Amino acid sequence: MRSKYNLWFAIGMLCFYTFVTSETVFAAQDDKDIALIFVTSTQQPNRDVIALQEMLQVYTSVDVLAIEEIEEQMLQRYKRIVIFNAYPTVISEKALAAVNHFQGSAILIGENALQFSPFAKWQQGQIIELRTIGEESLDNPVRWKSVLPSADFEVVKRASSMNESYPFVVKKNNWSYIGDFVNRGTLQYQWPTLMGDLLQLPKPQSHPAFIVVSDINMKTDVEKLEKVVKAFTKNRVPIALEVTPILLDESEKNIYYLHDNKKLLSYLQKLQNEGYPFILSSTTSPEKSLDYLALRNIYPSISRDESSLFKGSIREESPSLYITQMDNRTIYPMTVGTIPDTDSNPLYTVKRKIDFLLQVPSSIIGIQYPAYVNSSFVQELVDVLKRQPQIELMNFRQTNQQVKSENVSIVQHKDGEQTIDLSFSKKERLKISFDERPFELILWILVFVVSLFVTLFFISTLRLRITLRKRLFEERKTNG
């Protein structure tokens with residue numbers, strides 16, 4: 001009887017486990033939000049697919065799928081889909097069936113629209129050269145295979161050639177169509193909001209921002225740098241300091257080392273102790289530059305350019321408008337750019353770029369303030385940033401970072417603490433001392449040599465006196 005009870009108990013537990021597991025699986029499927037489906041000639045995501053993924057995932061989770069993978073069951077777990085058609089092709093029946101039966105919000109971009117049932121009544125138009133999309137003029141004309149939507153679609157945005165305008169973004173119920181994804185110029189700042197509106201996504205409000213005081217090297221005027229740092233600190237605006245410890249000047253065919261400017265090196269060491277974050281910029285080997293700074297008690301946690309030594313990097317020429325993750329590394333794009341060294345309204349371009357970026361949900365605002373630019377513009381820049389409550393200034397010292405080379409290990413935690421592990425040999429440390437304080441080191445060597453001679457002379461004299469006294473004693477003893 002007892003064994004029979006145990007059997008029924010085991011069967012009951014198995015059924016319960018199966019039920020819970022299936023519920024968990026379906027719940028995980030329900031968590032899926034956007035399927036980004038791409039149609040490319042290589043069956044691989046291209047640059048536009050990656051750009052779409054970046055702008056959509058600031059709203060919610062995104063899965064990137066090739067059209068060849070699509071089956072009807074697969075799309076049932078998603079709330080929204082975006083189909084990007086990069087080239088004309090015949091879409092498979094199973095993919096068409098899956099898309100045509102989809103009930104959530106959907107956007108189709110580019111080619112092949114007439115193959116899908118929501119657009120089956122449309123007509124194909126001529127190939128034209130677009131000069132404007134919406135209110136934005138294009139630097140170069142874009143060739144586009146126009147379409148003629150049916151009358152039941154609402155026109156959201158039009159595009160124009162030299163003589164005519166055409167429906168370019170249209171919508172009906174849960175389906176939307178975009179003629180082409182032209183992601184350049186000022187249009188790159190408009191697509192994210194338009195996509196979010198068409199897919200009925202809640203808009204994120206905050207914009208991370210960072211300021212890098214750049215171009216710090218042996219030639220830097222310490223007093224100018226100090227004024228810039230104090231101006232930001234006075235306004236409680238966090239900054240990062242970008243240092244080039246070994247400057248290779250190709251025009252002068254010379255190499256400049258940071259330690260040759262002793263006052264600057266001392267000031268940077270002081271800022272390191274006060275908790276300012278440092279960014280490594282290298283004109284030579286990144287590892288050599290890192291070792292150079294670490295041996296002088298300055299510990300950069302981020303690299304200016306991508307380096308296998310660093311988990312975080314600042315990228316200047318990046319098409320991205322967001323903080324991105326790539327190969328387990330974090331990339332912070334310099335989206336605004338550099339403040340020019342001019343007295344004639346240097347912040348004009350900066351303000352304009354910030355206004356564009358504020359149109360892009362969750363875009364990052366990266367600003368470079370060179371150390372040689374007059375500190376008088378700091379207050380104006382701070383006022384521009386503080387007028388926008390959605391801008392959240394980042395402190396790189398309060399981010400998780402990791403740096404690893406043969407001789408240096410830096411682990412930085414969100415509380416600002418840095419765990420430093422250095423494994424330089426005594427020979428390398430001695431070389432550093434000789435490079436930075438050659439006369440002082442030579443003086444100490446001379447002191448050591450003189451002291452050694454004096455000591456040896458004293459010992460020799462003492463031994464001689466002892467020997468003489470011993471002989472004198474023996475002679476007196478012999479002579480009675």
Side-chain angles (χ1 to χ4, degrees), residues 34 48 50-60 62 82 107 132-139 156-157 169 178 181-214 232 235-240 314-325 330-340 345-369 373 377-396 398-399:
I34 297 179
D48 287 335
I50 294 168
L52 284 165
Q53 180 188 10
E54 287 181 358
M55 71 174 62
L56 291 170
Q57 66 189 9
V58 302
Y59 292 99
T60 185
V62 180
V82 175
I107 299 175
T132 64
I133 296 176
E135 302 298 321
E136 304 301 323
S137 298
L138 301 174
D139 293 335
V156 178
K157 194 183 287 285
V169 180
I178 298 173
F181 184 58
V182 183
N183 192 37
R184 60 175 186 257
T186 53
L187 279 171
Q188 66 179 318
Y189 303 107
Q190 298 185 15
W191 290 124
T193 299
L194 178 62
M195 297 278 184
D197 291 344
L198 294 176
L199 293 172
Q200 301 177 19
L201 290 163
K203 187 184 294 185
Q205 296 301 318
S206 64
H207 291 264
F210 65 87
I211 298 172
V212 174
V213 177
S214 65
F232 280 114
N235 285 280
R236 297 182 179 179
V237 172
I239 56 173
I314 305 286
R315 186 185 288 180
E316 187 167 2
E317 296 180 2
S318 172
S320 178
L321 303 177
Y322 315 95
I323 300 173
T324 55
Q325 300 286 332
T330 306
I331 298 169
Y332 307 90
M334 190 70 75
T335 50
V336 173
T338 306
I339 295 174
N345 198 7
L347 294 183
Y348 171 76
T349 305
V350 172
K351 293 175 185 176
R352 193 162 178 266
K353 271 282 186 72
I354 291 174
D355 287 340
F356 281 131
L357 287 163
L358 290 175
Q359 299 174 35
V360 182
S362 289
S363 62
I364 187 167
I365 296 171
I367 304 170
Q368 180 171 309
Y369 199 109
V373 171
F377 301 117
V378 169
Q379 188 61 54
E380 186 180 354
L381 175 61
V382 170
D383 292 341
V384 168
L385 296 173
K386 289 192 172 181
R387 275 199 296 268
Q388 305 294 338
Q390 65 269 49
I391 292 178
E392 297 179 356
L393 288 162
M394 293 173 55
N395 185 345
F396 279 122
Q398 294 173 356
T399 59

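Just the heavy atoms: all of them, side chains too, but no hydrogens, waters or symmetry mates, feed the values below. In this text, all values refer to a predicted model and were calculated from it rather than measured experimentally.
The one candidate from K386, R387, K351 that meets the salt bridge (charged side-chain N to carboxylate O under 4.0 Å, His left out) condition with E380 is K351. Among L357, V384, L358, the one residue that satisfies the side-chain contact (heavy atoms from CB on, under 4.5 Å) test with I391 is L358.
Here the CZ atom belonging to R315 is positioned 12.5 Å from the CE atom belonging to M334, to the nearest 0.5 angstrom. We find the CG-CG distance between L381 and N235 to be 9.5 Å, quoted to the nearest 0.5 Å. Taking CD1 of I339 as the reference point, atom OH of Y348 lies at 15.5 Å (rounded to 0.5 Å). A distance of 8.5 Å separates CH2 in W191 from CG in N183, rounded to the nearest 0.5 Å.
Closest non-hydrogen pair, V58 versus S362, comes out as CB-CB, 3.8 Å. Across all their heavy atoms, S214 and Q368 have their closest contact at OG-CG, 3.1 Å. Across every non-hydrogen atom of S363 and Y322, the tightest pair is CA-CD2, 3.9 Å. Here the closest non-hydrogen pair linking S320 and T335 is O-CG2, 3.9 Å. When all heavy atoms of L347 and F377 are compared, the pair lying nearest together is CD1-O, 3.9 Å.
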- [ ] For the pair Y369 and I239, evaluate side-chain contact (heavy atoms from CB on, under 4.5 Å) and give the outcome as yes or no after the intermediate values.
- [x] CA-CA 10 Å; Y369 199 109; I239 56 173; over 6 Å; no

TODO: Carefully, step by step, assess T399 and T330 under the rule side-chain contact (heavy atoms from CB on, under 4.5 Å).
DONE: CA-CA 11 Å; T399 59; T330 306; over 6 Å; no

TODO: Just do the side-chain contact (heavy atoms from CB on, under 4.5 Å) check on V350 and I354 with the steps written out, would you?
DONE: CA-CA 6 Å; V350 172; I354 291 174; 3.8 Å; yes

TODO: Please step through side-chain contact (heavy atoms from CB on, under 4.5 Å) for the pair I365 and Q388, ending with a clear verdict.
DONE: CA-CA 12 Å; I365 296 171; Q388 305 294 338; over 6 Å; no

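Contact check for I34 versus L201: side-chain heavy atoms found under the 4.5 Å cut-off. With a 4.5 Å cut-off on side-chain heavy atoms, L198 and V169 count as touching. Inter-residue side-chain proximity for L52 and M195 is flagged as met; some heavy-atom pair is nearer than 4.5 Å. Looking only at side-chain heavy atoms (C-beta outward), V373 and T338 stay at 4.5 Å or farther from each other. Counting heavy atoms from C-beta on, the side chains of I323 and P208 come closer than 4.5 Å. Between I211 and L385 the shortest side-chain heavy-atom distance falls below 4.5 Å.
Here the side chain of T193 pairs no donor or acceptor atom with the backbone of Q190 at under 3.5 angstrom. Although no hydrogens or angles enter the test, the distance criterion places a donor-acceptor pair under 3.5 Å between the side chain of Y59 and the main chain of P192. Within the 3.5 Å criterion, the main-chain N or O of K203 finds a donor-acceptor partner in the side chain of Q205. In this structure, Q188 contributes its side chain and G185 its backbone to a donor-acceptor pair below 3.5 Å.
Between F210 and Y332, the ring planes are perpendicular. Angles over 60° get that label, and only those under 30° would be called parallel.
Remark: E136 does not engage K157 in a salt bridge, criterion side-chain N to carboxylate O under 4.0 Å.
By the neighbour-count criterion of 12 heavy atoms within 6.0 Å, atom CD of Q325 is densely surrounded, having more than that number from other residues, nucleotides or ligands.
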